[in-house]
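Indexing begins at 1, ligand by ligand and atom by atom, following the structure's order.
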Amino acid sequence: MTPTKYRFSQSSVDYYFDGSFRDLAKITDRKNAIIITDENIFTAHHDKFRGWNVITLKPGEAFKIQATVDSVIETLIAMQADRKTTLVGVGGGVITDLTGYIASVYMRGISFGFVPTSLLAMVDASIGGKNGIDVGEYKNMVGVIRQPSFLLYDFSLLSTLPLSCWSDGFAEIIKHACIKDAPAFSILQKENIQSLQKDAKLLSTIIIRNANLKSKVVQEDEFEKADRKLLNFGHTLGHALETQYELTHGQAISIGMNYACRMSEELAGFTGTGKVREILHQYGLPVDAAFNMKKVLEIVKMDKKRVRKEMSYVLLRKIGSGIIHSIEVSKMEKLLMRIHQES
Ligand SMILES: NC(=O)c1ccc[n+]([C@@H]2O[C@H](COP(=O)([O-])OP(=O)(O)OC[C@H]3O[C@@H](n4cnc5c(N)ncnc54)[C@H](O)[C@@H]3O)[C@@H](O)[C@H]2O)c1
């Protein structure tokens, strides 16, 4: 195995794109490692966990909360985890966000690594060091930016990923294409979930391309002062929708991208909304839903990208070229209300 190394401000991260779960024992010392996973992944891959210390959590976003953090910390104390312990998050974005956060606060910080098991975690959630939890209606309200020491990719884990979760991963892949990678947008236009599930080589190429794209953006701007904000395309409205309605992360972000495209038409001369909507449909994602925009805007106003009366909103100039647009909160509210009424 040859890792691809990304150096960030405080540490470097080894990405093993050519590995398999079996290689975990070569990367981290089994005796000092504790795996954190969820019940679905444990059930689907229980053989792989044999011989490892494992903490198994209930699956789902509803458990990405402080109560889970507290209970894992109590378990870690009971297991006598110490500064030499490495936590390994084996799971989707909920598990990687939780594991990175717990490892960052336990004993003021111990080392951690990830084996992402969902498409979304492989291309997005496990990369970039943002780890955290939700607080009530507010997504990722509490957290840290701290990098894992390794990411081990085993693409075969995707064979048990429920079909409904594939679209969620593609929402982030389409997001990357929209903001920074027009050629990838063209590749995706020619494919769909079924064709990519059958073409393991192309799928892994797409995953690696996306992992590299996100890593480079983060490397340039780890603490989100500039370009990293582009990764929030679709997320301002999306996060607010996700916490209030029965939508997955990908579905909420997809609707958020559609609204951001419509805003881009008005504010940045964007003409590609039709193409973006088409590709989202193609990958099984919604572009709208029945929701109360007034209620959603109350949450949007608490977004981390708001500074006093100004919000940084990610728009598209064209496909493959995202921009950060600063907009007055009151103007943003009026525009989003109008777009919602028109849709
Ligand atoms: N930290 C970041 O930068 C970042 C970026 C994007 C998203 N996120 C977070 O990621 C989360 C969403 O991630 P997700 O979509 O992976 O959700 P998830 O972790 O809830 O996983 C989705 C479902 O698939 C199951 N699953 C995952 N991999 C499986 C496998 N290989 N086999 C069988 N079942 C499997 C899980 O048990 C779960 O039920 C959200 O909380 C979001 O905020 C974080």
Notebook entry, point to check: If you measure from atom 22 (C) of ligand 1 to every heavy atom of A125, S126, C165, which option wins on shortest distance?
Noted result: C165

Notebook entry, point to check: Does the side chain of S12 pick up a donor-acceptor pair with the side chain of Y6 at under 3.5 Å?
Noted result: no

Notebook entry, point to check: Of all the non-hydrogen atoms in the protein, which one sits nearest to atom 18 (P) of ligand 1, and at what distance?
Noted result: V94 CG2, 3.9 Å

Margin query: By the definition salt bridge (Lys or Arg N to Asp or Glu O under 4.0 Å), identify the one residue from K309, R338, K294, K301 that meets it with E333.
Written below: K301

Notebook entry, point to check: For ligand 1, is L158 a contact, meaning one of its heavy atoms is under 4.0 Å away?
Noted result: no

Next item on the list: Heavy-atom distances under 4.0 Å are what count here, so tell me which part of E61 touches ligand 1: side chain, backbone, both or neither.
Entry: side chain

Checklist line | Nearest non-hydrogen protein atom, atom 21 (O) of ligand 1 | finding: G92 CA, 4.2 Å

Next item on the list: Determine, stepwise, if the pair D38 / K58 fulfils salt bridge (charged side-chain N to carboxylate O under 4.0 Å, His left out).
Entry: CA-CA 6 Å; D38 75 29; K58 295 223 172 299; over 6 Å; no

Next item on the list: Pick one of side chain, backbone, both or neither for how H239 approaches ligand 1, counting any non-hydrogen atom pair under 4.0 Å.
Entry: neither

Next item on the list: Report, as yes or no, whether the 6.0 Å neighbourhood of atom CD on Q194 holds more than 12 heavy atoms from other residues, nucleotides or ligands.
Entry: yes

Item checked: N140 and ligand 1 - part of the residue with a heavy-atom distance under 4.0 Å -> side chain

Check: Nearest non-hydrogen atom to atom 43 (O) of ligand 1 belongs to which of H249, K139, E242?
Finding: K139

Checklist line | Region of T96 engaging ligand 1 - heavy atom pairs below 4.0 Å | finding: neither

Check: Does NZ or CZ of K295 fall inside the cone over Y245's six-membered ring, less than 6.0 Å from its centre and within 45° of the axis?
Finding: yes

Check: Between D38 and ligand 1, which residue portion shows a heavy-atom distance shorter than 4.0 Å: side chain, backbone, both, or neither?
Finding: side chain

